[in-house]
Structures are given as C-alpha cells and as structure tokens.
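Below, each value reflects all heavy atoms present in this structure, side chains not excepted, and no hydrogens, waters or symmetry copies.
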Amino acid sequence: GGRMWVHFLESGETRDLMVRAGTMPFWSADSRFLAYPSGSELTKIEVTGGPSQTVAHLPGPWGGGAWNQDDVIVFADQRAGLFRVSASGGVPVPITAVDPARQETIHFGPSFLPDGRHFVYTRLSTDGKKSAIYLGSVDAKPGQQSSKPLIASTWQAVCAPSADPSTGYLLFMREGVLMAQPFDNRSLELRGQAVLVAEDVNDTGATAAAWGSFGTGGWGAFSASANGALAFQPSTASDRQLTWYDREGNILGTVGEPGDYRDFALSPDGTRLAVSKSRGQAASIWLLDLSRGGASTRFTFGSASDTNPLWSPDGSRIIFSSNRDGPYNLYQKPVNSSKGEEVLFQSGENKQPTSWSHDGRFLLYTVVHPETMMEIGRAHV
C-alpha cells in the first residue's frame with residue numbers, strides 16, 4: 001500500500017511520514033498528530049515525524065474517528081458501534097451500539113461539535129428510511145444516545161464552525177452534491193434550510209460494490225478546518241495520469257492519456273495494462289499497450305460499470321466485476337480473441353475478483369454484505 005504524507009500549506013513542504021497510509025486518518029484538535037488504523041491497532045503519529053504510537057486495539061472493521069480538544073478519541077467499529085478512548089492510550093469504551101431491532105448494521109463517521117462532548121455520526125439500516133445522520137455524546141452509554149435522526153443520509157457528516165460561536169454548519173453529501181445546513185450549537189438542533197456548497201464532489205469511501213444493499217454511501221471527499229477553510233475533490237477526475245514511479249518515489253514516466261481511471265492491473269509479462277475508465281456513472285475496461293507508448297484499445301462495451309480487471313496467470317484472459325445484470329457479478333473474457341465475455345459466477349451479492357491461483361484453476365473473490373461486512377470466496381475458473 002501507499003504511505004501517508006503531510007503537506008504544510010504555509011511553507012509548501014510535503015513530508016513523508018514513513019508509515020503505511022491508513023484508511024480515513026483524522027487530526028488531533030491541535031493539529032500536532034494524525035491518528036489512523038494500522039492492522040488491528042489505532043495508531044497516532046506526530047505530523048513533524050517520528051515513531052508511531054499505539055492508542056488502542058481495534059475490535060472490528062474501521063469506520064473512521066474524531067479527536068477532541070480534551071484528548072478524547074471517538075472511533076467506529078462498523079459492526080458494533082462507536083467507542084471512546086483516551087488519545088494517550090487505554091481500553092475502548094462503547095458509547096453507541098448497532099441496533100438489530102432497527103435493522104441497523106453499520107455505525108460510522110464521527111465528527112465532533114465545537115463543545116468536544118457531542119458529535120454527529122451515521123447509522124445505516126437495511127430499512128432505508130432509518131439510515132441517517134445522528135447526534136451522539138461521549139458522556140452517554142449506548143442505550144442513552146439519541147434515536148432522533150438529524151438528516152436522512154447514507155453518507156458521513158462533518159461539523160464546521162462559523163463566525164458566530166453559537167452556530168455552526170453540518171456538511172453532508174446528497175447525490176454527489178456537498179450541502180451545508182446551519183446547526184445551533186446550544187440547542188443541538190438544525191436550523192434553516194440546507195444550501196449547496198459544491199457540486200460533483202467525489203466519494204472516497206464505499207461504493208455500491210462495497211456497500212452491499214445500501215447502494216451508494218460512505219465518505220465524501222471533503223474536509224473542513226476549525227478556521228473555516230474547506231477542501232474537496234471534484235468527481236470529474238478526467239485529468240488523472242497513469243505514472244511510473246521507482247521504489248524511492250521518483251517519477252520514471254507516464255502511460256497513455258489522462259483520464260478518469262478507477263483501477264488497473266499489469267499483465268503477467270508486464271507488456272500490457274488493463275484499466276477501468278469511468279464514463280459518467282458507468283465504466284469500461286481498456287487495454288494499454290506499454291510497448292507502444294500506452295496505445296489503448298477498448299476491451300468491454302455497454303452501459304454497465306465494469307471494474308477490477310484481473311489477468312489470468314498466462315495472460316490470455318481477464319476476469320472483471322460488472323453490474324450489467326444487477327449485482328456486481330464476475331465475468332471473464334479472452335484477451336486476443338473476438339469472443340465476448342461470459343459469466344463466471346453470479347449471486348445476489350456484490351463481488352470483486354481478488355487473486356488468481358498460479359495454476360489457473362482457482363479464483364479468490366471478495367464479497368461485502370451487511371451481515372459479515374467482508375468474506376473471501378473461491379471459485380473454479
């Protein structure tokens with residue numbers, strides 16, 4: 001995996017922290033530390049560099065975290081709920097609990113209010129009407145938390161301040177649009193109407209393939225600071241450039257034309273690259289010939305979303321995931337033939353190919369669904 005870097009806006013310096021990039025890292029209130037998941041541990045590291053330090057054991061799948069001015073960290077185990085722990089280390093204490101009676105399966109994405117005692121977070125339920133952003137408290141036990149939804153949503157929310165300390169803003173995603181709604185920091189209630197902040201904001205978290213029956217949801221690619229600055233990534237990422245790097249991080253060259261690339265895989269002999277390229281809400285797979293400067297040929301066609309290409313050990317076939325028949329099923333197609341793709345494996349769950357055995361006989365694939373979050377399956381090829 002990649003490593004975590006910090007860019008200092010005032011000096012323009014970019015620093016490699018020399019640790020593996022964690023999923024959804026978060027800042028301490030004083031901006032001195034970053035906290036992130038590392039394996040089964042919650043870890044922190046100073047942004048000026050130095051050794052990482054273990055904060056706590058993570059009981060289950062990571063669901064994001066937040067760090068207040070009193071050095072209290074709230075983090076999510078998606079399957080169980082939210083936990084509280086001291087930033088100096090300790091045993092996590094549960095403060096919310098996933099409620100099967102409400103068909104809940106995931107809690108994630110905490111963000112502190114200015115008082116440092118309350119936070120917002122998102123609950124997902126198989127009953128879509130119950131998926132929403134909620135208000136929580138670090139001082140409450142799971143059974144004492146508010147059951148009143150703030151806003152119906154399957155996305156995380158972020159609390160942002162305003163010039164008036166009594167009022168803040170709740171930032172949240174709605175169909176790819178970043179919205180803001182005034183929030184009364186005293187009564188802990190929403191005020192007024194939600195207004196548009198930015199259109200076509202990218203998502204960095206789960207997609208339909210990884211979020212099971214909830215459809216689209218997860219983390220939006222935006223962040224707000226305590227001084228009112230907002231950063232976000234547009235979803236129209238048509239200028240991504242495939243680039244070769246050496247192991248020290250030096251650029252060796254580029255491949256093909258810029259585009260909105262999702263994922264890619266090198267052929268076993270290293271002469272071709274299979275890439276999934278977005279086309280609006282859909283995606284198709286293209287083959288780039290690395291021996292001819294990245295000349296591209298379209299490999300899959302239609303209006304579906306074709307992703308996660310995986311080469312056979314001999315380089316003759318590609319297996320990929322596609323939602324052309326509903327859920328993301330597995331398909332295979334020969335590389336040097338006019339023969340079309342054929343279904344390899346279908347089921348009611350979304351699947352992604354993971355690894356092909358060296359003898360070509362077996363395929364490992366990943367399934368994500370509400371009950372177990374993630375499973376590994378095996379299929380004959």
Side-chain angles (χ1 to χ4, degrees), residues 2 4-10 12-15 21-29 31 34-36 47 62-67 76 108-114 119-122 124 131-133 150-163 167-183 190 192-211 214-241 258-263 277-281 283:
M4 195 151 58
W5 296 67
V6 173
H7 180 73
F8 295 84
L9 295 175
E10 289 187 359
E13 175 193 1
T14 300
R15 180 171 297 172
T23 304
M24 300 302 155
F26 56 98
W27 292 91
S28 62
S31 299
L34 279 168
Y36 60 97
V47 297
W62 178 246
W67 188 331
F108 75 101
S111 176
F112 273 110
L113 270 64
F119 57 88
V120 292
Y121 66 106
T122 304
L124 295 186
S131 293
I133 298 163
L150 294 174
I151 296 174
S153 179
T154 56
W155 296 89
Q156 108 283 13
V158 170
C159 295
S162 72
T167 303
Y169 290 96
L170 191 68
L171 300 173
F172 60 95
M173 297 277 287
R174 180 177 288 165
E175 298 180 358
V177 174
L178 179 58
M179 308 291 292
Q181 186 161 350
F183 188 87
L190 289 167
Q193 299 295 319
V195 296
L196 185 150
V197 176
E199 295 186 271
D200 297 324
V201 175
N202 199 13
D203 67 86
T204 61
T207 63
W211 217 237
F214 304 110
T216 304
W219 286 266
F222 69 93
S223 180
S225 73
N227 63 7
L230 172 70
F232 68 92
Q233 180 189 48
S235 61
T236 52
S238 59
D239 58 348
R240 290 174 179 162
Q241 177 67 64
D260 189 358
Y261 300 110
R262 292 190 180 182
D263 35 55
K277 189 175 181 180
S278 293
R279 298 172 287 110
Q281 297 299 312

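- Separating the OH atom in Tyr121 from the CG atom in Leu150 is a distance of 9.5 Å, to the nearest 0.5 Å.
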Is there a side chain to side chain contact (heavy atoms under 4.5 Å, CB included) between Phe183 and Leu113? Walk through the geometry before answering.
CA-CA 10 Å; Phe183 188 87; Leu113 270 64; 3.2 Å; yes

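- In plain terms, the two heavy atoms of Pro182 and Gln193 that are nearest each other are CD-O, 3.6 Å.
- Between Ala157 and Ser111 the shortest heavy-atom distance is O-CB, 3.4 Å.
- How far CZ of Arg15 is from CH2 of Trp5: 11.5 Å, rounded to the nearest 0.5 Å.
- Rounded to the nearest 0.5 Å, atoms NZ (Lys277) and CZ (Arg240) are 12.0 Å apart.
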**OP:** Kindly determine whether Phe172 and Thr122 satisfy side chain to side chain contact (heavy atoms under 4.5 Å, CB included), including the steps that lead there.
**Re:** CA-CA 11 Å; Phe172 60 95; Thr122 304; over 6 Å; no

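- In this structure, Leu34 and Trp27 have side chains that are in contact, with non-hydrogen atoms separated by less than 4.5 Å.
- Of the possible polar contacts, none joining the Ser153 side chain to the Ile133 backbone as a donor-acceptor pair under 3.5 Å is found.
- Closest of all the heavy-atom pairs between Trp219 and Gln156 is CA-OE1, 3.3 Å.
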- Report the C-alpha separation of Arg174 and Ile151 in whole Å, then their side-chain angles, then the decisive distance to 0.1 Å, and conclude whether the side chain to side chain contact (heavy atoms under 4.5 Å, CB included) test is met. CA-CA 10 Å; Arg174 180 177 288 165; Ile151 296 174; 4.1 Å; yes

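- The aromatic rings of Phe119 and Phe112 sit perpendicular to each other, their planes meeting at more than 60°, with 30° as the lower class boundary.
- The minimum heavy-atom distance linking Ala198 with Phe232 is given by the pair CB-CZ, 3.7 Å.
- How far CH2 of Trp155 is from OG of Ser131: 13.0 Å, rounded to the nearest 0.5 Å.
- The structure places OG1 of Thr154 at 9.5 Å from CE of Met173, a figure rounded to the nearest 0.5 Å.
- Minimum heavy-atom separation, Gly192 to Gln181: O-NE2, 3.2 Å.
- Heavy atoms of other residues, nucleotides or ligands lying less than 6.0 angstrom from CD of Glu13 number more than 12.
- Nearest approach of Pro110 to Ala76, heavy atoms of both residues: CD-CB, 4.4 Å.
- Contact of the Cys159 side chain with the Val120 side chain is registered, since non-hydrogen atoms from C-beta on lie closer than 4.5 Å.
- Taking a 6.0 Å sphere around OH of Tyr169, one finds it holds 12 or fewer heavy atoms contributed by other residues, nucleotides or ligands.
- With sequence neighbours excluded, the residues forming a side chain to side chain contact (heavy atoms under 4.5 Å, CB included) with Leu9 are His7, listed by chain and number.
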